[in-house]
2 protein chains.
Amino acid sequence: MSKRIRQEDIAKELGLSINTVSLALKNSSRINEETRSKVQQVAKALNYIPNSIARSLVQKKTDVIGFILPKMTNPVQIETAQQMERKLLTSGYNMMLMTTDSDKNYESQALDILLSRQVDGIFLFPTNKHNQDKIKSIRSAGIPLVLLSGGRYKPSSDAVYMNQFSGAYQATEHLAKLGYREIGFITGGAANVEKFDGYQAVLRDRQLEFREELVARVSHFSYEQGYKAASKLMANGPVRAVLASSDYLALGALRWCRERGLRVPEDVALIGFDDLEAAEYAEVPLTSVTYKGEELTTKAVSLMFRLIEEQERMTSKEPECIEINPTLSIRKSCGAI
Amino acid sequence: MSKRIRQEDIAKELGLSINTVSLALKNSSRINEETRSKVQQVAKALNYIPNSIARSLVQKKTDVIGFILPKMTNPVQIETAQQMERKLLTSGYNMMLMTTDSDKNYESQALDILLSRQVDGIFLFPTNKHNQDKIKSIRSAGIPLVLLSGGRYKPSSDAVYMNQFSGAYQATEHLAKLGYREIGFITGGAANVEKFDGYQAVLRDRQLEFREELVARVSHFSYEQGYKAASKLMANGPVRAVLASSDYLALGALRWCRERGLRVPEDVALIGFDDLEAAEYAEVPLTSVTYKGEELTTKAVSLMFRLIEEQERMTSKEPECIEINPTLSIRKSCGAI
DNA sequence: TTGTAAGCGTTATCAC
DNA sequence: GTGATAACGCTTACAA
């Protein structure tokens, strides 16, 4: 293993000081044109790779942004991460990705690790609200922390998120308008309070009865869980309309219906969340709640950059919340077409 | 923004030297039990967070592993990343994730960035074989680089991968055994040479004619591309059997068939790759090539750790290749059931 | 058991 | 324009 080349090696090679090399490498105008190009030439020849760890130490800046999410297998969240990664890269930042498996302690651990690694900022898809204190203390320590969820409760830090309440409201409302008075709901539990609230709000606003047996709770978003939820929900005969808090859940339910000979949408109307490609291509194209992912990631990244710039002023201000409004992508499964 | 606490702050607080604090924090037995606990108490009280950048600089080790893949939205690859992230974390490593968008130059840039960040190792899902020289030079510089693809060509670095040739061979063979003599193939292009080879090998072995019009090439793995590929493939009447190099492609083709009134598997037999949950839950459950993801990630991670330990010996050895063998998950879509 | 001093590879400050 | 020198926060000899 050939030892790594340092600026010192280049300096020795040319009989210059380390300082000159350092400046020349960043094209400082303070260094003579000729010296500059000589330095850069030798750097290339020796295959010099700058050590960004050393750089980070002195500059107190790593150009790394942490990104915490429950599971990389969640298509919406990983798509968000993907878009942000490219946007951050454009500005010279890289991303450290960590998952929590929806576990409060893992989330806390992930935050600690990222802080220890001196990241310049953190994006967090929180698993629940249990780490609020830690989140607040990170914010008040001046580390930009942007939450990727939020809603009607007071946010513990700056946040950019899709308004899930509104999404669920619109979807439920849509079903109600189509005449359904009995609407089932498949929910992912604690992480879906907002959606659940939206669903209930419609029931209240339209004075429809809320019935616990119309709610199925699942542990995570998968076809399998949706299938099981449907079987539970429809144990005593079909529920004529169902809102699922993810497309996968809806598609699992769709399969259950198919196997029982229930037609969608004739016998059961179905709406999902996230508008995945799978929704569009399903055997019965799925109506789904959707939003502009690009808009969210663009706003999230620019909020992050602003926070990084204003680091000290940030702490004193109220957390900033940016909401993205969803719309309904109407297809065949809800029976409106 | 409250200044960050350093070991020096703890030392001053207790009238100790920085060194003592450093040792006490890592529970060194050289430090008096009492001092140790006092130090740790104060550390906790001041909310001390170790600066791992400084640590990395002196130890010449970052405990960060780079992970490069084309797109985070590829479910197989991101699942691999997810599993590895958790395994690495168990051993104190974190992951820096970068994407290449299947672009040679982005891949090269990502490698440079990771090297500059002094990562202890790199996992790479290569986009193609164009960066082979760079890959070789990284290996010979003693940086562990584990490729997550490979096959019948000589690998430029250590590698752990699913044997795609064998997967395609098994799938094609399966269709051939069912009596199909005209088998279509939907391929993702350069990234799928191995699969394509496997497909062709069966044709050769069984003396079936290879026909270019039975091959559809797509730009990426999506339902939409599969849909288009099917329409191209079947422009002059249905092809009775089709192997797609991803489940998404197969499911897109499935939709095309449904829309034209072609039944699967009666009119068209279909096989996909990757055995995603979507394959199992499709309207016609999809036969698919599958493999043990856990086995692959476990082997990849332990190979990485071994390479990190043997760093200097590594360079001289031949690259190590670990192949995982796929199997066929047979469901309704191929007509064998 | 604890302290002193050197060093990791950069950047930043200030002379010359 | 270029070069000393200090600093970043930690670890690791080695000394006391």
Side-chain angles (χ1 to χ4, degrees), chain A residues 1-40 42-43 46-64 92 113 115-120 141, chain B residues 1-40 42-43 46-64 92 113 115-120 141:
Chain A
M1 173 182 176
S2 48
K3 237 189 66 203
R4 275 174 140 105
I5 304 297
R6 300 153 304 160
Q7 293 185 354
E8 190 182 344
D9 301 316
I10 302 176
K12 272 187 187 145
E13 182 81 16
L14 289 168
L16 291 169
S17 76
I18 299 186
N19 188 306
T20 307
V21 171
S22 174
L23 290 172
L25 285 173
K26 28 173 94 43
N27 265 313
S28 162
S29 57
R30 286 173 44 195
I31 303 294
N32 179 2
E33 170 70 51
E34 201 184 339
T35 339
R36 239 189 294 167
S37 77
K38 252 195 289 186
V39 168
Q40 296 183 359
V42 174
L46 294 180
N47 204 357
Y48 167 72
I49 296 170
N51 182 328
S52 60
I53 294 292
R55 181 174 179 273
S56 295
L57 185 58
V58 40
Q59 298 202 147
K60 294 167 170 291
K61 183 155 188 345
T62 53
D63 295 338
V64 172
I113 291 175
L115 292 178
S116 170
R117 291 202 179 272
Q118 316 294 114
V119 295
D120 294 340
Chain B
M1 175 184 176
S2 50
K3 237 189 68 205
R4 276 173 139 108
I5 305 297
R6 300 153 302 162
Q7 294 185 350
E8 190 182 343
D9 301 316
I10 302 176
K12 273 188 187 144
E13 182 82 17
L14 289 167
L16 292 168
S17 77
I18 300 185
N19 183 302
T20 309
V21 172
S22 173
L23 291 173
L25 285 173
K26 23 172 99 42
N27 265 314
S28 162
S29 57
R30 286 173 43 194
I31 302 294
N32 179 5
E33 170 70 51
E34 200 186 339
T35 335
R36 240 189 293 168
S37 77
K38 254 196 289 185
V39 168
Q40 296 183 359
V42 174
L46 293 181
N47 204 358
Y48 169 72
I49 296 169
N51 183 328
S52 60
I53 294 292
R55 181 173 178 274
S56 294
L57 186 58
V58 40
Q59 298 201 146
K60 293 166 171 293
K61 186 158 186 343
T62 53
D63 294 338
V64 172
I113 291 175
L115 292 178
S116 170
R117 291 203 179 272
Q118 315 294 114
V119 295
D120 295 340

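Below, chain A is the first sequence line, B the second, and so on; all start at residue 1. The basis for the numbers below is simple: all heavy atoms, side chains too, and nothing from hydrogens, waters or symmetry mates.
A 4.5 Å side-chain heavy-atom check between B:Thr62 and A:Ile53 finds at least one atom pair inside the cut-off. In this structure the side chain of B:Lys61 never reaches within 4.5 angstrom of the side chain of B:Arg55, judged on heavy atoms. At a threshold of 4.5 Å between non-hydrogen side-chain atoms, the residues B:Tyr48 and B:Gln7 count as touching.
Using a cut-off of 4.0 Å between Lys/Arg side-chain N and Asp/Glu carboxylate O, A:Asp9 and A:Lys3 are scored as not salt-bridged.
Whole-Å rounding puts the B:Leu57 CG to D:dC8 C1' distance at 9 Å. Distance A:Leu25 CG to C:dT11 P: 8 Å, rounded to the nearest Å. The CD1 atom of A:Ile5 sits 11 Å away from the P atom of C:dG9 (whole-angstrom rounding). Atom CD1 in A:Ile10 sits roughly 15 Å away from atom C1' in C:dT11 (whole-Å rounding). In this structure, the NZ atom of B:Lys60 is 14 Å from the C1' atom of D:dC10, given to the nearest Å. Atom pair A:Lys26:NZ and C:dG9:C1' shows a separation of 11 Å (rounding to whole Å applied). Between the P atom of C:dG9 and the CD1 atom of A:Ile49 lies a distance of 14 Å, rounded to the nearest Å. A straight line from CG of B:Leu14 to P of C:dT1 spans 18 Å, rounded to a whole angstrom.
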**Message:** If you apply the rule side-chain contact (heavy atoms from CB on, under 4.5 Å), what do you find for B:Leu16 with B:Val39, and how did you get there?
**Reply:** CA-CA 9 Å; B:Leu16 292 168; B:Val39 168; 3.8 Å; yes
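OP1 or OP2 of D:dT11 lies within a sub-4.0 Å distance of a side-chain N or O belonging to B:Ser22. One finds a side-chain N or O of A:Gln59 lying less than 4.0 angstrom from the OP1 or OP2 phosphate oxygen of C:dA12. Taking 4.0 angstrom as the limit, B:Lys61 places none of its side-chain polar atoms (N or O) nearer than this to OP1 or OP2 of C:dC8. Regarding contacts with the backbone of C:dT10, a side-chain N or O of A:Tyr48 is found under 4.0 angstrom from either OP1 or OP2. Phosphate contact (OP1/OP2 of D:dT11, side-chain N/O of B:Gln7, threshold under 4.0 Å): present.
In terms of heavy-atom proximity, A:Ile5 sits nearest to A:Leu46 at CG1-O, 3.3 Å.
Under the 3.5 Å distance criterion, the side-chain polar atoms of B:Ser116 are left unmatched by any main-chain donor or acceptor of A:Ile49.
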If you restrict it to nitrogen or oxygen atoms, what contacts under 3.5 Å exist between nucleotides 2-5 of chain D and the protein, and what is each distance?
| residue | atom | partner | partner atom | Å |
| --- | --- | --- | --- | --- |
| D:dT2 | OP1 | A:Thr35 | OG1 | 3.1 |
| D:dT2 | OP2 | A:Asn32 | N | 2.9 |
| D:dT2 | OP2 | A:Thr35 | OG1 | 3.1 |
| D:dT2 | O4 | A:Arg30 | NH2 | 2.9 |
| D:dG3 | OP2 | A:Ser17 | N | 3.0 |
| D:dG3 | OP2 | A:Ser17 | OG | 3.2 |
| D:dG3 | OP2 | A:Thr20 | OG1 | 2.4 |
| D:dA4 | N6 | A:Asn19 | ND2 | 2.1 |

